[in-house]
Amino acid sequence: MGTDKTSTGIDLAEARLDEFAARAYQAKANAFGYPVNHKSRLIGFYKWLMGSGVNLTMVNNAGDPFASDDALINTLEFEREVIEYFGPLFGFDKDDLWGIVTFSGTDGNNHGLYFGSKYLEKKTGKKPIVYVSDAAHYSSRRLADMQNLDLALIPSDVHGCMIPEELDKALVDDRPALVVYAIGTTFKGGVDDQDALNAVLARHPSIVVYRHLDAALFGGYIPYTQYRDILDRKVHPFDSVAFSGHKMLGMDEPAGVFLTTMEIKDNQNPYAVSYLNAHMPMVNCSRSALSPLKIWWIINHTTKEDFAEQTAQMLENAAWLKAELDKLGWPAWLEPMSNTVYFKRPPAEIAGKYGLAPDHDDRLGGDLSHIVVMQHVTKDRLQVFLDELKTAM
Ligand SMILES: *Cc1c(COP(=O)(O)O)cnc(C)c1O
């Protein structure tokens with residue numbers, strides 16, 4: 001009788017899962033509002049995983065991918081190869097590169113703020129002030145609060161970019177500066193002007209500066225475009241960068257990449273951990289072993305030309321959408337280098353159907369929405385949206 005009860009329970013549970021899967025599959029066709037790639041290419045990975053035995057094993061990347069310890073069952077060697085793939089795309093030299101696969105863009109920013117503040121404290125004996133624009137993703141504000149760091153929120157212009165004169169006014173000369181540059185703001189896709197902001201910092205030579213780049217979405221595609229210099233630390237010096245794995249790259253669950261230099265990593269609060277036989281500068285002990293493996297699989301099954309093609313398509317479709325909205329006379333904007341078109345907010349039924357995130361800017365007439373033109377957001381689907389918008393006008 002026990003068996004009966006259990007099998008009925010399993011049938012019910014599976015029916016619920018099927019129902020959820022059907023809903024998720026249907027919803028992704030119209031998921032226009034958030035910067036995630038719904039075209040996962042991990043089919044081959046899962047085929048391998050299910051036959052591998054690894055799916056029945058607890059694999060854990062507790063440890064430093066650059067000091068890998070074979071005593072534990074981990075994928076640190078693959079994680080290190082992921083870091084070594086991305087490092088050079090951001091201008092890091094292979095012999096002065098350190099990083100981890102993170103749980104998310106926010107986790108990467110957490111490491112940027114933590115590594116930056118510890119580094120600056122070690123160099124200057126003082127806690128830094130975090131400078132970030134009010135258009136940047138809220139995670140930097142949340143994390144500064146969490147890490148008990150003083151924060152200066154710098155006003156942004158109408159394009160979502162930090163205003164250099166406002167940074168100048170806010171800088172405190174006898175405290176180190178932990179500057180977070182937004183390389184692609186969440187709502188408008190604005191890119192902080194590093195040249196102009198660095199020129200402001202240079203006018204305050206007494207301030208020791210650490211620069212962290214929040215490139216959650218753009219970090220996944222800018223390296224494959226003509227704009228790659230904005231994320232090249234040899235052209236625009238920075239100390240660390242974070243981006244998400246589930247935005248451009250096509251991960252099927254949240255993940256990210258955090259990159260920095262050995263020099264920064266070696267000037268942290270080291271916490272020698274005897275039971276791991278290691279120095280652990282990062283925030284987490286246990287970390288995902290599957291995420292690095294999936295990203296490793298993606299970069300080993302996607303050529304740079306393929307990433308470049310996906311990117312060109314996204315940017316072309318975004319420009320097309322902006323032009324079509326212009327034709328309709330619907331107020332719309334698209335920043336350079338961005339795949340995010342933002343526009344006057346459509347009626348609630350349309351915004352709801354497409355999951356369009358809301359924002360508000362009085363300088364642009366009030367309520368706004370945006371469409372993030374990711375890989376699954378095709379012209380055909382955008383045309384349906386435009387037709388619906390037209391009938392609602
Ligand atoms: C999405 C995003 C984040 C947060 O990343 P998660 O991976 O969702 O934690 C941070 N900054 C920017 C600019 C983003 O677009």
Side-chain angles (χ1 to χ4, degrees), residues 31-38 40 82 86 90 99-114 116 130-147 151 153-154 156 159-162 178-194 211-222 227 230-231 238 240-259 283-284 287-288 291-292 294-295 298 314 318 335 337-342 355-359 368-375 377:
F32 285 7
Y34 293 88
V36 299
N37 173 3
H38 279 302
S40 171
V82 167
F86 287 109
F90 292 79
I100 53 171
V101 171
T102 60
F103 288 109
S104 63
T106 300
D107 187 25
N109 288 342
N110 198 25
H111 282 82
L113 263 62
Y114 184 58
V130 176
Y131 300 89
V132 64
S133 98
D134 61 6
H137 189 263
Y138 78 94
S139 57
S140 291
R141 259 172 279 172
R142 164 64 45 80
L143 295 163
D145 184 37
M146 215 178 82
Q147 295 187 28
L151 177 83
L153 201 59
I154 311 299
S156 57
H159 303 284
C161 305
M162 190 190 288
L178 204 175
V179 186
V180 179
Y181 286 152
I183 305 300
T185 59
T186 309
F187 197 83
K188 292 177 174 171
V191 172
D192 283 340
D193 182 345
Q194 296 174 81
R211 295 170 182 83
H212 173 71
L213 266 43
D214 176 1
L217 167 62
F218 285 35
Y221 72 78
I222 289 285
Y227 314 116
I230 65 158
L231 285 173
F238 60 85
S240 56
V241 57
F243 60 95
S244 302
H246 54 290
K247 291 189 172 172
M248 166 72 187
L249 296 182
M251 279 287 286
D252 60 344
E253 61 175 333
V257 173
F258 173 73
L259 304 172
V283 175
N284 304 287
R287 295 184 303 108
S288 173
S291 288
K294 288 180 188 173
I295 297 180
I298 290 169
M314 281 165 27
E335 299 301 329
M337 305 177 255
S338 171
N339 67 332
T340 303
V341 181
Y342 57 105
L356 304 186
D359 198 20
L368 303 172
S369 292
H370 71 183
I371 289 179
V372 190
V373 184
M374 299 300 293
Q375 289 93 327
V377 182

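One-based numbering, in listed order, for ligands and for the atoms of each. Computed from heavy atoms alone, side chains included, the values below leave out hydrogens, waters and symmetry copies.
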Nearest 0.5 Å, please: how far is OG in S338 from NE2 in H159? 12.5 Å
Counting from 1, what ligand 1 atoms have a heavy atom of G105 closer than 4.0 Å? 5 (O), 6 (P), 7 (O), 9 (O)
For a side-chain hydrogen bond (donor to acceptor under 3.5 Å, both in side chains) with S156, tell me which candidate from D192, T185, D134 qualifies. D134
Which residue from G184, A215, A182 reaches closest to atom 13 (C) of ligand 1 through any of its heavy atoms? G184
Checking E335 side chain against K188 main chain: does a donor-acceptor pair fall under 3.5 Å? no
Taking N or O atoms only and a 3.5 Å limit, does N109 qualify as a polar contact for ligand 1? no
Looking only at protein heavy atoms, which one is nearest to atom 2 (C) of ligand 1, and what is the separation? K247 NZ, 2.4 Å
Side-chain (Q375) to main-chain (M248) donor-acceptor, under 3.5 angstrom: yes
Where the closest heavy atom to atom 9 (O) of ligand 1 is concerned, which of L217, T340, T106, V180 has it? T106
Under 4.0 Å from one or more heavy atoms of T186, ligand 1 contributes atoms 12 (C), 13 (C), 14 (C), 15 (O)
Give me the residue, atom name and distance of the protein heavy atom closest to atom 12 (C) of ligand 1. A216 CB, 3.3 Å
May I ask you to decide if Y181's main-chain N or O and R211's side chain share a donor-acceptor pair within less than 3.5 Å? no
Fit a plane to each ring of F90 and F243, take the angle between them on a 0 to 90° scale, and name the class: parallel (under 30°), tilted (30 to 60°) or perpendicular (over 60°). parallel
Measure the OG-CG distance between S240 and L213 for me, rounded to the nearest 0.5 Å. 8.0 Å
In ligand 1, the atoms that come under 4.0 Å of a heavy atom of H246 are 7 (O), 8 (O)
Part of D214 with heavy atoms under 4.0 Å of ligand 1, whether side chain, backbone, both or neither: side chain
Quick check on ring pair (Phe, Tyr, Trp, His ring centres under 6.0 Å): which of Y342, F187, Y34 does H370 satisfy it with? F187
Looking at ligand 1, does any of its N/O atoms fall within less than 3.5 Å of an N/O of D107? no
Contact atoms of ligand 1, heavy-atom distance to S244 under 4.0 Å: 5 (O), 6 (P), 7 (O)
Just heavy atoms, cut-off under 4.0 Å: does S104 contact ligand 1 by side chain, backbone, both, or neither? both
